[in-house]
Structure formats: C-alpha cells, structure tokens
Q: 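The structure under discussion is supplied below as structure tokens; questions concerning it will follow.
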Amino acid sequence: MAMDDASMVGLMGRVTGTVGPGLVGEVMVRVRGGAEHFLAHPADGSARITTGTVVTVVEYLPPRTVYVMAVYDS
C-alpha cells in the first residue's frame, strides 16, 4: 500500500541522523504498523535538528523524503 501526502503529513518521528542545511538527515517514522527510515530535510531550510529529537512531518516527497520540524522548542 503506497503512502500518500495526506497520510504522512503530521506523523511524528525521531531523528536518527542529524538534519540540517547542507545535510541529508534521517528520521524514523511510525507508519503502516511499523517504523521506517526516511531521508529528511529541515522544513524551514535552516534549522539544525540533532539525533534523538522528536519531529513532525510537514511535507512528504515520495518515495522516501520528508521535510520535518522539531515538535518541541529546545
């Protein structure tokens, strides 16, 4: 079953590889009854989001790329 834009946006995940400008980060997102890795970029284009940070998906580019922002300000 393919994920669509609407079903990915708003999902929460955890950063497993630092996300930031000039970096292709990685996040683990709970989808389809499990957890999957996605390549990740900062939603605002400039944030640096460190490993372990809880994030929310704000945009999804199939098949494996997401734009994320931190759920909580640090």
Q: Taking all atoms of both residues into account, what is the closest heavy-atom pair of Val68 and Ala40, and its distance?
A: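 Shortest heavy-atom separation between Val68 and Ala40 comes out as CG2-CB, 4.4 Å.
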
Q: Using only atom types and a distance under 3.5 Å, with no angle test, would you say the side chain of Arg14 pairs donor to acceptor with the backbone of Gly52?
A: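 Side chain of Arg14 to backbone of Gly52, a donor-acceptor pair under 3.5 Å: yes, one is there.
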
Q: Do you know the tightest heavy-atom contact between Glu26 and Val19?
A: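 Closest pair (atom of Glu26, atom of Val19, distance): N-CG2, 4.3 Å.
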
Q: As a quick check of understanding, evaluate salt bridge (Lys or Arg N to Asp or Glu O under 4.0 Å) for Arg64 and Glu36, giving each step before the final call.
A: CA-CA 9 Å; Arg64 310 268 342 139; Glu36 297 182 20; 3.1 Å; yes

Q: Please determine whether residues Met28 and Val9 belong to a single hydrophobic cluster, defined as Ile, Leu, Val, Met, Phe, Trp and Tyr linked transitively by side-chain heavy-atom distances below 4.5 Å.
A: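 In one cluster with Met28: Val9, no.
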
Q: Minimum heavy-atom separation for Pro21 to Pro42, with atom names?
A: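 Pro21 and Pro42 have their closest heavy atoms at N-CG, 4.2 Å.
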
Q: Go through Thr16 and Val27 one step at a time and tell me if the side chain to side chain contact (heavy atoms under 4.5 Å, CB included) criterion holds.
A: CA-CA 5 Å; Thr16 55; Val27 296; 5.5 Å; no

Q: Quick one: does Arg48's side chain get under 4.5 Å of Thr18's, heavy atoms only?
A: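 Of all side-chain heavy-atom pairs linking Thr18 with Arg48, at least one is under 4.5 Å.
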
Q: Hey, quick one: are Val15 and Leu11 part of the same hydrophobic cluster, counting side-chain heavy atoms closer than 4.5 Å, chains of contacts allowed?
A: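 Yes.
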
Q: Could you go through Met12 and Val29, starting from their C-alpha distance and side-chain angles, then the distance that decides it, and tell me whether this counts as side chain to side chain contact (heavy atoms under 4.5 Å, CB included)?
A: CA-CA 6 Å; Met12 292 175 56; Val29 180; over 6 Å; no

Q: How many angstroms lie between OH in Tyr67 and OH in Tyr60, if you round to the nearest 0.5 Å?
A: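 If I round to the nearest 0.5 Å, the distance is 13.5 Å.
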
Q: Heavy-atom distance under 4.5 Å between the side chains of Val66 and Met8, does that happen here?
A: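 The answer is yes; the side chains approach within 4.5 Å.
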
Q: Given the rule that I, L, V, M, F, W and Y join up when any side-chain heavy atoms are under 4.5 Å apart, are Leu39 and Val58 in one cluster?
A: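 Cluster IDs for Leu39 and Val58 differ.
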
